[in-house]
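Data block below; observations after.
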Amino acid sequence: MPAAGTRKPMRERFREQVREEVKSAALDQLAAGGAQAISINAIAKQLGVSGPALYRYFSSRDELLNVLVIDAYHDLREAMAKALGADAPDAEARIRLLAAAYRAWARAEPHRYELLFKAPFPGYDAHAKPLAEAARSLMGVVLGVLHGTAGKPYRTEEVLDARRANTENHQLAVALWSRLHGFVSLEIGGGFTAMGLDADALFETEVQVLTDRVRRAG
């Protein structure tokens, strides 16, 4: 990293700028037509460069999609962690804040949310190290909430330790995430609307079930 008070070399700054522009264009394509709509050549045309030129910044379409997945994990994690910065005196309050933040992000970014949990291209490996670490960062926030350390999410090593030990908190974290994911996936997929159900009332019921379980475990 450059020393304090210095700027990155111009070439490095230009490279970062181009990568951000490519990602922004790819996100527009994602919102318009899903992961299958993302095209390096179409992005190059939009940015006024040749397709081969963009391969200096992303080696393949698959790499670009992997980066978008990792960015989405990080943004969802930040939204959850930011929500927990508010005063939350107990586990129930923390879970409610966490659940609301998770749902709000997914509703605001439905295509990015779906990108996290649907293979965006053939051969996609969700267990690849960068992707797995990004996914575990979400579980780190949840475990921190259940452990009473909302301001200090579990580190990757701590998440792995909790999983290997099959701790009660890890079991609760998996249950919390799976229920939230199931609910949010149905909501953004239009399942509740199609059945004429009140999503807000259902969400409150789901959160109450989760808080009741944590209370019993405590």
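Everything quoted here is computed from the prediction, not taken from an experiment.
- Of the possible donor and acceptor atoms, none in the side chain of Q29 sits under 3.5 Å from a partner among the backbone N and O of G34.
- For the pair R19 and F58, the cation-pi test (distance below 6.0 Å, angle within 45°) is passed.
- Applying the side chain to side chain donor-acceptor pair (under 3.5 Å) test to R155 and every residue at least two apart in sequence or in another chain returns nothing.
- Side chain of R77 to backbone of A135: no donor-acceptor contact under 3.5 angstrom is found.
- Put simply, the side chain of S178 gets close to the backbone of A175: a donor and an acceptor are under 3.5 Å apart.
- Distance check, rounded to the nearest 0.5 Å: CG of L116 to CG of L131 gives 10.0 Å.
- Crowding of Y55 atom OH: a count of heavy atoms from other residues, nucleotides or ligands under 6.0 Å exceeding 12.
- Counting heavy atoms from C-beta on, the side chains of L115 and Y73 never come closer than 4.5 Å.
- Nearest heavy atom pair, residue R61 against residue Q36, reads NH2-CA, 3.6 Å.
- There is no side-chain donor-acceptor pair under 3.5 Å between H170 and Y154.
- Counting heavy atoms from C-beta on, the side chains of V174 and M139 come closer than 4.5 Å.
- Here E109 pairs with W105, R112 under the side-chain contact (heavy atoms from CB on, under 4.5 Å) rule; sequence neighbours left out.
- The two residues F203 and A100 have their closest heavy-atom pair at CZ-N, 4.0 Å.
- For the atom pair L172 CG and L143 CG, the distance stands at 9.5 Å (nearest 0.5 Å).
- Using a 4.5 Å heavy-atom threshold, the side chains of M80 and V142 count as touching.
- Summarising the geometry of F192 relative to A199, their closest heavy-atom pair is CD1-CB, 4.0 Å, with the distance given to 0.1 Å.
- Taking all atoms of both residues into account, the shortest heavy-atom contact from A26 to L68 is CB-CD1, 3.9 Å.
- Distance check: T211 OG1 to R94 CZ gives 12.5 Å after rounding to the nearest 0.5 Å.
- Under a cut-off of 6.0 angstrom, the local environment of CE in M10 is sparse, with at most 12 non-hydrogen atoms contributed by other residues, nucleotides or ligands.
- Comment: E204 engages R96 in a salt bridge, judged by a side-chain N to carboxylate O separation of less than 4.0 angstrom.
- Transitive grouping of hydrophobic side chains (ILVMFWY, heavy atoms separated by less than 4.5 Å) keeps V209 and V184 in distinct clusters.
- Taking 4.5 Å as the limit, some side-chain heavy atom of L160 sits within range of a side-chain heavy atom of R163.
- The backbone N or O of S59 lies less than 3.5 Å from a partner atom in the side chain of E63, making a donor-acceptor pair.
- In this structure, the side chains of E16 and E12 come closer than 4.5 Å at one or more pairs of heavy atoms.
- Taking CG of D71 as the start and NZ of K23 as the end, the distance is 4.0 Å to the nearest 0.5 Å.
- In this structure, F117 and W177 have tilted ring planes: the angle between them lies in the 30° to 60° band.
- Look at D200 and R103 and you find a salt bridge, because one of the NZ, NE, NH1 or NH2 atoms lies within 4.0 Å of a carboxylate O, short of that distance.
- Proximity of N66 to Y124: side-chain heavy atoms (C-beta onward) are separated by under 4.5 Å at one or more points.
- Contact check for I95 versus L146: side-chain heavy atoms found under the 4.5 Å cut-off.
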Kindly determine whether Q171 and N166 satisfy side chain to side chain contact (heavy atoms under 4.5 Å, CB included), including the steps that lead there.
CA-CA 7 Å; Q171 294 175 28; N166 196 27; 3.3 Å; yes
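- Taking the centre of each ring, Y102 and F183 stay at or above the 6.0 Å mark.
- Between atom CG of residue L76 and atom CG of residue L138 there is a gap of 5.0 Å, rounded to the nearest 0.5 Å.
- Here the closest heavy-atom approach between residue V207 and residue A99 is recorded as CG2-CB, 3.9 Å.
- Counting heavy atoms from C-beta on, the side chains of I70 and H74 come closer than 4.5 Å.
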Quick one: side chains of residues 37-50, donor-acceptor pairs under 3.5 Å with protein atoms, not counting sequence neighbours, listed by atom name and distance.
{"residue": "S39", "atom": "OG", "partner": "N41", "partner atom": "N", "Å": "3.4"}
{"residue": "S39", "atom": "OG", "partner": "A42", "partner atom": "N", "Å": "3.1"}
{"residue": "S50", "atom": "OG", "partner": "A53", "partner atom": "N", "Å": "3.3"}

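- Annotation: the span from L176 atom CG to L98 atom CG amounts to 6.0 Å, rounded to 0.5 Å.
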